[in-house]
Colleague: 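Before anything else, here's the structure in question.
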2 protein chains.
Amino acid sequence: MTEKATPSPEAIKAWARLMRVSRQLVESAEDALKASGLPPLAWYDVLHELAEAGEGGLRPFQLIERTLFAQYNISRLLARLEADGLVEKLPVADDGRGQTIRITAKGRETRRRMWAVYGRSIAELVGARLSPEELNTLSALLGRLRHPPAGD
Amino acid sequence: MTEKATPSPEAIKAWARLMRVSRQLVESAEDALKASGLPPLAWYDVLHELAEAGEGGLRPFQLIERTLFAQYNISRLLARLEADGLVEKLPVADDGRGQTIRITAKGRETRRRMWAVYGRSIAELVGARLSPEELNTLSALLGRLRHPPAGD
DNA sequence: TCTATATAGATGCAATTGCATTTATTGTCA
DNA sequence: TGACAATAAATGCAATTGCATCTATATAGA
């Protein structure tokens, strides 16, 4: 057996840092959005995926794959986005169970305004604290912690 | 001005990785605890701090500083822990507003059983994927993203 | 074709979180 | 001292999350 039941001190420290820092960063970014009267990060994640998907839109289950949100979570998040007019739900021709979600013009505009704030947070919290080389090192190390591990 | 409104591609990628990986890891660890019929990570965080604090215990506001939980969150979490007999609340001699939280024997035992599962998750998810040197590099880079930045 | 199984998505209900406010006590200073 | 600001912790209420289940449609196999 190659598994270890007890983690090394190095692993514990890296884990602890990862937990703490990620929570801090999320909180900072959320605070910045809130302070600007904008929706929470979760909305950005979905709007971002939909904006990248273009006119074809995405099925809810595709959003689940891309964002890691739970199924019920996406279902309700999309309901809120639709209620706000940021996305629209279209029937799918060849699958009566499903629907296609497409971002609206208002949704694109909201995403743009969110990015103005969110992007600034990223620049300040991460971009300003590590050099490009260090950022690449960090990305590579984090990539190896993914499931499945990232190639680049 | 030295601030940048738009983050570099390297910063965006590192941020995205950090967000995604930390969510995945938390989810994996939570799932493992759940599968063993154990309480969620938040409980571990508090029990851990209280166990380290020893017999003297900690004031709720100290737990807030150490764990990043919101005040109302700690207040209710402690109520649940107390209801489960994992901590006890003691009056403070020189401050009638406050209380001291102390971990109980049952609390220590629960923490021990949680660590058996949580520690294994850390070992598998992080310890087994990066070398000790790489883990140190990761810790150092993450430390620079903290507020305030870590010295070590 | 008919039935069983799998997939897509929604939803009822309980638990938790977030926000704002409240209660109680302590500290400050005119 | 007495009024006022600050701190510690709890809580009412709305929003969100988690869990389990449900509905509807699609697919596979006898």
Side-chain angles (χ1 to χ4, degrees), chain A residues 23-24 26-46 49-50 57-84 86-102, chain B residues 23 26-46 49-50 53 57-84 86-102:
Chain A
R23 261 186 278 179
Q24 266 192 345
V26 167
E27 200 184 317
S28 294
E30 293 277 20
D31 285 351
L33 287 170
K34 229 172 303 182
S36 298
L38 292 166
L41 273 187
W43 290 36
Y44 183 86
D45 290 343
V46 169
E49 294 297 338
L50 291 174
L58 286 176
R59 302 281 300 267
F61 73 86
Q62 294 178 300
L63 280 168
I64 291 167
E65 294 165 0
R66 285 166 168 72
T67 60
L68 304 184
F69 288 120
Q71 185 267 322
Y72 57 80
N73 217 327
I74 282 290
S75 177
R76 279 156 169 159
L77 184 41
L78 289 175
R80 279 173 239 147
L81 289 169
E82 187 187 29
D84 259 49
L86 305 184
V87 306
E88 53 189 351
K89 298 183 175 182
L90 309 167
V92 178
D94 59 342
D95 190 340
R97 297 167 299 182
Q99 51 188 331
T100 293
I101 310 297
R102 196 164 59 190
Chain B
R23 261 186 276 180
V26 167
E27 201 184 318
S28 294
E30 293 276 19
D31 286 351
L33 287 170
K34 230 172 300 181
S36 298
L38 292 167
L41 273 186
W43 289 37
Y44 183 86
D45 289 345
V46 169
E49 293 297 338
L50 291 174
L58 286 176
R59 303 280 301 267
F61 72 86
Q62 294 178 300
L63 281 169
I64 292 167
E65 293 166 0
R66 286 166 168 72
T67 61
L68 305 184
F69 288 120
Q71 184 268 323
Y72 58 81
N73 217 327
I74 282 289
S75 177
R76 279 156 170 159
L77 184 42
L78 289 176
R80 280 174 238 146
L81 289 169
E82 187 187 28
D84 259 50
L86 305 184
V87 306
E88 53 189 350
K89 298 183 173 181
L90 309 167
V92 178
D94 58 342
D95 189 341
R97 295 167 300 181
Q99 48 188 336
T100 293
I101 310 297
R102 195 163 60 190

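In what follows, every chain begins at residue 1, and chains take the letters A, B, ... in the order their sequences are listed. As the structure is a computational prediction, the values presented were derived from the model and not from experiment.
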Colleague: Please determine if a side-chain N or O atom of Asn73(A) lies less than 4.0 Å away from the OP1 or OP2 oxygen of dG18(D).
Modeller: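 Asn73(A) to dG18(D) OP1/OP2: side-chain N or O found under 4.0 Å.
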Colleague: What is the distance, rounded to the nearest whole Å, between atom CG of Leu41(A) and atom C1' of dT16(D)?
Modeller: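 To the nearest whole Å, that distance equals 15 Å.
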Colleague: Measure the distance from CG on Leu63(A) to P on dT7(C) and round it to the nearest whole Å.
Modeller: 19 Å
Colleague: Please report, rounded to the nearest Å, how far the P atom of dA9(D) is from the CZ atom of Phe69(B).
Modeller: 16 Å
Colleague: Restricting to side-chain hydrogen bond (donor to acceptor under 3.5 Å, both in side chains), what partner residues turn up for Gln71(B), sequence neighbours left out?
Modeller: none
Colleague: Without decimals, in angstroms, what is the distance between Leu77(A) CG and dG18(D) C1'?
Modeller: 15 Å
Colleague: Can you tell me if the side-chain N/O atoms of Lys34(A) get under 4.0 Å from OP1 or OP2 in dC19(C)?
Modeller: yes
Colleague: What pairs with Arg97(A) under salt bridge (Lys or Arg N to Asp or Glu O under 4.0 Å), at least two apart in sequence or on another chain?
Modeller: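 With sequence neighbours excluded, Arg97(A) shows a salt bridge (Lys or Arg N to Asp or Glu O under 4.0 Å) to Asp95(A), given in chain and number order.
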Colleague: Determine, for nucleotides 8-14 of chain C in 5'-to-3' order, which nucleotides have protein heavy atoms under 4.0 Å from the base (write B), from only the sugar-phosphate (write S), or from neither (write -).
Modeller: SBBBBB-
Colleague: Under the salt bridge (Lys or Arg N to Asp or Glu O under 4.0 Å) rule, what pairs show up with a residue in residues 65-78 of chain A, not counting sequence neighbours?
Modeller: Glu49(A)-Arg66(A)
Colleague: Distance check needed: dT7(D) P versus Asp94(B) CG, whole Å only.
Modeller: 17 Å
Colleague: Taking side-chain contact (heavy atoms from CB on, under 4.5 Å) as the test, write out the residues that go with Lys34(A), two or more places apart.
Modeller: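 Applying side-chain contact (heavy atoms from CB on, under 4.5 Å) to Lys34(A) gives Asp31(A).
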Colleague: Is any side-chain heavy atom of Leu78(B) closer than 4.5 Å to one of Leu63(B)?
Modeller: yes
Colleague: Would you please name every residue forming a side-chain contact (heavy atoms from CB on, under 4.5 Å) with Leu41(B), sequence neighbours left out?
Modeller: Val26(B), Ala29(B), Glu30(B), Leu33(B), Tyr118(B)
Colleague: Given atom CD of Glu27(B) and atom C1' of dG18(D), what is their separation to the nearest angstrom?
Modeller: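 Rounded to the whole Å, the gap is 12 Å.
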